[in-house]
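Whatever order the structure lists ligands and atoms in, that order sets their numbers, starting from 1. In what follows, every heavy atom counts, from backbone to side chain, and hydrogens, waters and symmetry copies are set aside.
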Amino acid sequence: MTIKFGIIGGGVMAEALLSRLILQGIYQPQEVIVSEPQPSRRGFLVQQYGVYVTAENQEVARAVAAEVLFLAIKPQVFETVATELSATAIMPSLVISILAGVPLSKLEAAFPTVPAIRAMPNTPATVGAGMTAIAPGKHVQLHHLEQAQHLFKAVGEVVEVPEALMDAVTGLSGSGPGYVAIVVEALTDGGVAAGLPRAIASQLALQTVLGTAQLLKDSRIHPAELKDRVTSPGGTTIAGIAELERYGFRSALIEAVKAAAIRSKTLGS
Ligand SMILES: NC(=O)C1=CN([C@@H]2O[C@H](COP(=O)(O)OP(=O)(O)OC[C@H]3O[C@@H](n4cnc5c(N)ncnc54)[C@H](O)[C@@H]3O)[C@@H](O)[C@H]2O)C=CC1
Ligand SMILES: O=C(O)[C@@H]1CCC=N1
C-alpha cells in the first residue's frame, strides 16, 4: 500500500490526530509513516496503531514523496529537522505544520514551491472534539486547503484565519485545554474543600464544564446571559462570582491567552 501521510515527530499531538484519523478511516495504518527518535515511543505507535515507524526523518520524506508531510516536532528543533528534510531534495505535495509560532515564511524557505499550511489544532482532537485553525501559504490552491480541512474536520471543527492571527489562536484554543484542565481540577479541589468526596467532586466539576460548554454552543446564548440566568439575587452564585472577581479570575484568563500568544510569536522567531 502507498504511504500517503508522513508524520515527523510522534509525540502527544501527532498521536491525538493519528488516532482519530485512523479510527475515522481517513488513513489506513499502512498508509502512515512516523519518524520518532525515542525507541519506546516508536514501539508504542506500532503496537497501538499499526503504522510504520522509523528513527530517520529522511525516510519519511522519501516514503511520502508526492503525498502529505505533517510536521509535529517541537518548534525548537524545526531548523535542524528542516535542514535534514530539505537535504533529501524530495518535495511532498503538501506540508502541514502544527508547530507553535513557526511562520509560513520559514516553512516555505525550507520547502520551496511546496504548498504549505500552518495549522494549530488542540488535544481534544483525540476525541473528535478538536478545534483547528489553518492558514494557507502562498503556493496553496483550493484543493490543498480542502485536503487540510478534510483532515482536521475528522478530528473536530476547522476555521481558516490569516496567518497574522495564528499566534492568538495558539494562545486561545491551542493552549486552552491546559487552562480548562486547571479549571476542572480547581473546581474539584473546591468541592473537596466544601466537603465532597473527591470522586464525586471530580464528576461534578467535569460534567459542569462539559454541560456548560454544550449549552452555550447549542443555545448560542451569550455567556453573560447564561451567567445572569444562574445568578439568583442574594443567592449562592453571586457569592461565588464575587470571589472570582476579587481574585482576578477573568483577567487571569485574558492575560494567560495574551502571554501564550506572545510566547508563540517568540518561539517562531
Ligand atoms: N500539545 C499540544 O496540545 C499541541 C501542540 N502543538 C504543537 O505540536 C508540536 C508537537 O507538540 P507535542 O506533541 O506536544 O510535543 P511532544 O514532545 O509530545 O512531541 C514531539 C515529538 O517529537 C520527537 N522528536 C524530537 N526531536 C525530533 C527530531 N529531531 N525528529 C523527529 N522527531 C523528534 C519527540 O521525541 C516527541 O515524541 C509542537 O510544535 C507544538 O507546538 C500544537 C497544538 C497543540
Ligand atoms: O504549549 C505549547 O507550546 C503547545 C502549543 C499549543 C499547545 N501546546
H150, NE2: over 12 other non-hydrogen atoms inside 6.0 angstrom:
no
Of all the non-hydrogen atoms in the protein, which one sits nearest to [atom], and at what distance?
atom	value
atom 12 (P) of ligand 1	K74 NZ, 3.7 Å
atom 1 (O) of ligand 2	S175 OG, 4.6 Å
atom 5 (C) of ligand 2	A100 CB, 3.8 Å

Drop me the distance from [X]'s [atom1] to [Y]'s [atom2], to the nearest 0.5 angstrom.
X	Y	atom1	atom2	value
T170	I262	OG1	CD1	13.0 Å
L99	L71	CG	CG	6.0 Å
L107	I117	CG	CD1	10.5 Å

Dump the intermediate steps for salt bridge (charged side-chain N to carboxylate O under 4.0 Å, His left out) on R41 and E15, then the final yes or no.
CA-CA 10 Å; R41 190 72 192 151; E15 186 186 349; 2.7 Å; yes
Polar contacts were defined as any N/O atom of the residue lying under 3.5 Å from an N/O atom of the ligand; does this apply to [X] and ligand 1?
X	answer
V12	yes
N122	no
A100	yes
M13	yes
E36	yes
N57	yes
I73	yes

Taking heavy atoms and a distance under 4.0 Å, where does [X] meet ligand 1: side chain, backbone, both or neither?
X	answer
A72	backbone
T170	neither
Q38	side chain

Result for side chain to side chain contact (heavy atoms under 4.5 Å, CB included) between Y49 and one of V34, V32, I22, L23 points to I22
To check you understand the geometry: which heavy-atom pair defines the closest contact between [X] and [Y], and what is its length?
X	Y	answer
K4	E67	O-CB, 3.4 Å
G101	D167	CA-OD1, 3.8 Å
V140	L145	CG1-N, 4.0 Å
G174	N122	O-CB, 4.0 Å

Output the list of atoms in ligand 1 that are nearer than 4.0 Å to some heavy atom of V81, sorted by atom number.
28 (C), 29 (N), 30 (N)
Protein contact for atom 7 (C) of ligand 2 (heavy atom, distance under 4.0 Å)
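Given the 4.0 Å cut-off, atom 7 (C) of ligand 2 counts as touching protein heavy atoms.
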Considering only heavy atoms of G174, which atoms of ligand 2 have at least one such atom less than 4.0 Å away?
6 (C), 7 (C)
